[in-house]
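Reviewing the structure listed below.
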Amino acid sequence: MSGMLGVVSYGLGTLIGFGLLAFLVIVFIQDITQKKHTVLRNYPVIGHCAISSRSKASTSGSISS
């Protein structure tokens, strides 16, 4: 029994890494398959930065358009 437990036990850092990798894969699949924002499909990192800064600016009211 203890031999099997050693096979499936991972460290906290490894589990966090697997979780982060799974999250990035899900976001990647959503970006590639969505049709609304072409910037997200072609340039996902820049697109997420632009959309988040645009939403922050509209909620803070500091930049008027």
Side-chain angles (χ1 to χ4, degrees):
M1 181 75 176
S2 65
M4 185 58 105
L5 186 61
V7 172
V8 294
S9 69
Y10 293 105
L12 181 61
T14 304
L15 294 176
I16 290 172
F18 283 150
L20 181 63
L21 183 65
F23 173 74
L24 291 176
V25 166
I26 290 169
V27 169
F28 173 76
I29 291 171
Q30 286 178 346
D31 286 345
I32 295 300
T33 58
Q34 59 85 27
K35 303 289 184 205
K36 187 175 180 182
H37 300 285
T38 57
V39 174
L40 284 179
R41 189 171 46 241
N42 296 330
Y43 308 103
V45 175
I46 296 171
H48 280 287
C49 292
I51 288 175
S52 68
S53 68
R54 192 179 321 149
S55 67
K56 288 178 187 175
S58 67
T59 58
S60 67
S62 61
I63 299 175
S64 61
S65 50

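Since the model is a prediction, treat every value here as computed from it, not as a measurement.
Partners of Q34 according to the side-chain contact (heavy atoms from CB on, under 4.5 Å) rule, which considers only residues two or more places apart in sequence or in another chain, are K36, H37, L40, R41. Looking at residues two or more places apart in sequence or on another chain, you find no ring pair (Phe, Tyr, Trp, His ring centres under 6.0 Å) involving Y43. The side-chain contact (heavy atoms from CB on, under 4.5 Å) test applied to V39 returns no partner, not counting sequence neighbours.
Residue pairs meeting the side chain to side chain donor-acceptor pair (under 3.5 Å) criterion with at least one partner in residues 14-29, sequence neighbours excluded, do not occur; the list is empty. Annotation: side chain to side chain donor-acceptor pair (under 3.5 Å) contacts involving residues 16-29, sequence neighbours excluded, are absent.
L24 forms part of a hydrophobic cluster together with L20, F23, V27, judged by ILVMFWY side-chain heavy-atom separations under 4.5 Å. Members clustered with I26: none, using a 4.5 Å side-chain heavy-atom cutoff among hydrophobic residues. If you chain together ILVMFWY residues whose side-chain heavy atoms come under 4.5 Å of each other, V45 ends up in a group of its own.
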